[in-house]
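Below is one structure, written out as structure tokens; comments come after it.
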Amino acid sequence: MTNPVPVPLADPRKPAILIVDDAPDNLGTLRSMMLRQGYQTFVATSGDRALDIAQRVKPDLILLDVVMPGIDGLETCRRLKAHPATTRIPVIFMSARGETEDIVAGFDTGAADYIPKPLRLEEVCARVRAQLRLRSGSDTQSEQTDRLRMIVNSMDQGLLIVESCGRVQYANPACDRYLGYAPEELVGQSLKDLLDCKEPGCCAGLDAMTYGTREVEIRHRDGNLRAMDLTMTPMHAADGLFVVLLHDITHHKQSEDALQRAAMLDPLTKIANRRHFDAFLDKEWHRAIRTAQPLSLVVLDVDHFKLYNDTLGHAAGDVCLQKVAQTLQDHAARPTDLAARYGGEEFVLLFAETPAENAARVAEMIRAAVAALEIPNPGSTTSTWLTVSVGVATIVPTQLDAIDNLFVCADRAMYAAKAGGRNRVESTIVGAAWDVVHDAAVLTAP
């Protein structure tokens with residue numbers, strides 16, 4: 001068996017031309033002309049040899065004779081166009097057959113051009129140059145398309161192309177990671193159905209979302225909502241289509257929420273801090289004005305806490321405050337209740353929609369629960385155990401009242417409890433313009 005003649009590789013810096021003709025004179029003439037034009041030139045005298053060279057060299061253009069023994073030019077062209085490695089190589093037919101049906105047959109097989117024989121060399125050179133320019137432009141466009149496809153497919157952001165009605169036309173692979181759907185599964189779905197639209201008009205139409213970036217919640221395939229930055233931009237070259245970019249900010253939102261929660265907590269006791277309590281009180285105060293419902297404030301102070309610290313040390317004092325805080329937290333069970341450390345050994349609790357009798361009852365339960373902790377307090381002159389003094393103020397606020405005065409009344413009640421012997425609760429009902437209209441019965445420790 002004869003080994004095939006080795007074929008050198010094409011120089012990528014020069015256009016490569018493959019000339020296929022079974023007539024040596026034609027082959028020699030064309031080869032010399034192509035070399036003078038500065039092209040790399042490869043030759044074949046049969047269709048089989050042309051197919052072999054084309055697949056290995058991948059020339060920029062093929063000049064192909066139609067009439068050849070064995071596999072003729074038409075069949076050779078069909079096979080070239082059927083193979084992925086050679087399908088995009090332009091083919092120029094050369095033939096003495098100039099009938100219309102012969103020319104049509106050539107173009108039907110995928111030929112780019114048709115030159116009649118006898119060949120006019122200047123015409124051949126012009127047609128070769130024209131096809132190489134077209135090939136270069138086509139290759140550049142194809143390379144740009146491939147490069148763009150690679151960029152889109154490797155993007156970390158989810159990318160969708162949607163119609164103005166919200167129907168998804170295209171989704172890149174990152175959407176699988178973002179939304180749990182394979183790209184082909186998203187095609188045909190509505191973007192509006194994926195969005196969790198809480199804002200009025202969010203899903204009424206996509207025009208409102210055309211420009212800029214907005215934060216949305218979008219439903220994952222598993223049913224959970226994910227926080228996303230959604231950027232929607234019109235495709236100016238394609239009327240009615242939009243590019244949608246999705247950036248998952250779930251972890252960012254979780255971190256942000258964690259920081260916000262941390263900013264609202266007292267670092268020692270892990271209950272609400274003063275800043276959080278003040279904001280909560282302001283909200284509930286205005287709600288109580290609108291609903292004409294009673295609002296009760298409890299102010300609580302740990303008895304003889306300085307002596308406790310001096311006797312047992314600040315580390316023990318910190319543990320003591322943590323236990324008291326947890327007891328208060330256990331009695332703030334409703335969404336409208338809030339327990340907070342207000343400063344040092346002073347704590348506060350707010351009970352919305354709670355009349356004076358109920359607030360006094362809960363305050364007494366808290367006082368008793370702290371005593372039941374049986375935390376030894378050797379320096380106390382009130383009890384062998386740690387105790388608290390509690391003041392309660394209740395009001396149905398109006399626009400005439402000032403929120404700061406609620407603290408004044410509750411604080412006075414707490415100091416009255418201390419003056420009465422500590423380890424006790426004293427409560428006050430406050431009327432309009434902050435005149436005390438009734439003093440509830442003082443609840444004293446048994």
Side-chain angles (χ1 to χ4, degrees), residues 1-139 142:
M1 181 177 178
T2 304
N3 293 327
V5 177
V7 179
L9 296 177
D11 185 345
R13 294 169 298 179
K14 296 181 179 180
I17 310 294
L18 172 59
I19 305 169
V20 187
D21 200 320
D22 63 324
D25 291 343
N26 288 339
L27 201 63
T29 300
L30 287 170
R31 183 173 184 275
S32 297
M33 181 180 63
M34 293 298 110
L35 288 172
R36 286 197 300 272
Q37 297 294 316
Y39 303 135
Q40 296 178 84
T41 306
F42 301 87
V43 296
T45 57
S46 69
D48 285 327
R49 181 65 175 156
L51 292 171
D52 178 57
I53 294 174
Q55 290 178 19
R56 283 190 284 167
V57 174
K58 298 180 181 61
D60 296 288
L61 185 139
I62 298 174
L63 290 170
L64 179 59
D65 188 20
V66 173
V67 181
M68 293 186 298
I71 301 176
D72 67 5
L74 294 176
E75 180 59 25
T76 301
C77 187
R78 289 191 191 95
R79 296 189 187 184
L80 286 168
K81 296 302 175 182
H83 197 284
T86 56
T87 185
R88 291 172 54 195
I89 301 173
V91 174
I92 298 179
F93 274 129
M94 304 177 297
S95 177
R97 294 178 179 177
E99 300 298 326
T100 301
E101 58 268 22
D102 295 321
I103 297 173
V104 170
F107 282 115
D108 284 345
T109 62
D113 202 352
Y114 198 103
I115 304 176
K117 289 184 177 181
L119 300 174
R120 294 187 291 271
L121 297 184
E122 293 81 0
E123 180 184 355
V124 173
C125 289
R127 289 178 184 265
V128 167
R129 284 195 300 270
Q131 288 301 322
L132 289 175
R133 282 197 298 270
L134 288 173
R135 168 68 188 268
S136 177
S138 175
D139 285 350
S142 176

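- Of the residues Val66, Ile115, Asp72, Leu74, the one that meets the side-chain contact (heavy atoms from CB on, under 4.5 Å) test with Ser95 is Val66.
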Listed pairs under 3.5 Å, donor-acceptor, residues 103-110 side chains, sequence neighbours left out:
residue : atom : partner : partner atom : Å
Thr109  : OG1  : Gly106  : O            : 2.6

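- Contact record, Gly38 with Lys14: O-CD, 3.9 Å, taken as the closest heavy-atom pair.
- Partners of Asp113 by salt bridge (charged side-chain N to carboxylate O under 4.0 Å, His left out), not counting sequence neighbours, listed by chain and number: Arg127.
- Thr41 has its side chain out of reach of Leu18: every pair of non-hydrogen atoms, C-beta onward, lies at least 4.5 Å apart.
- Between Ala112 and Gln131, the shortest heavy-atom contact is CB-OE1, 3.4 Å.
- Distance check: Leu61 CG to Met34 CE gives 8.5 Å after rounding to the nearest 0.5 Å.
- Under the 4.5 Å side-chain criterion, counting only non-hydrogen atoms from C-beta, Gln40 is not in contact with Ile17.
- Looking only at side-chain heavy atoms (C-beta outward), Leu80 and Ile62 come within less than 4.5 Å of each other.
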Salt bridge (Lys or Arg N to Asp or Glu O under 4.0 Å) for Lys117 and Asp65? Distances and angles first, verdict last. CA-CA 10 Å; Lys117 289 184 177 181; Asp65 188 20; 3.2 Å; yes
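- Partners of Ala126 by side-chain contact (heavy atoms from CB on, under 4.5 Å), not counting sequence neighbours, listed by chain and number: Arg129.
- Summarising the local packing, CZ of Arg120 is surrounded by 12 or fewer heavy atoms from other residues, nucleotides or ligands at distances under 6.0 Å.
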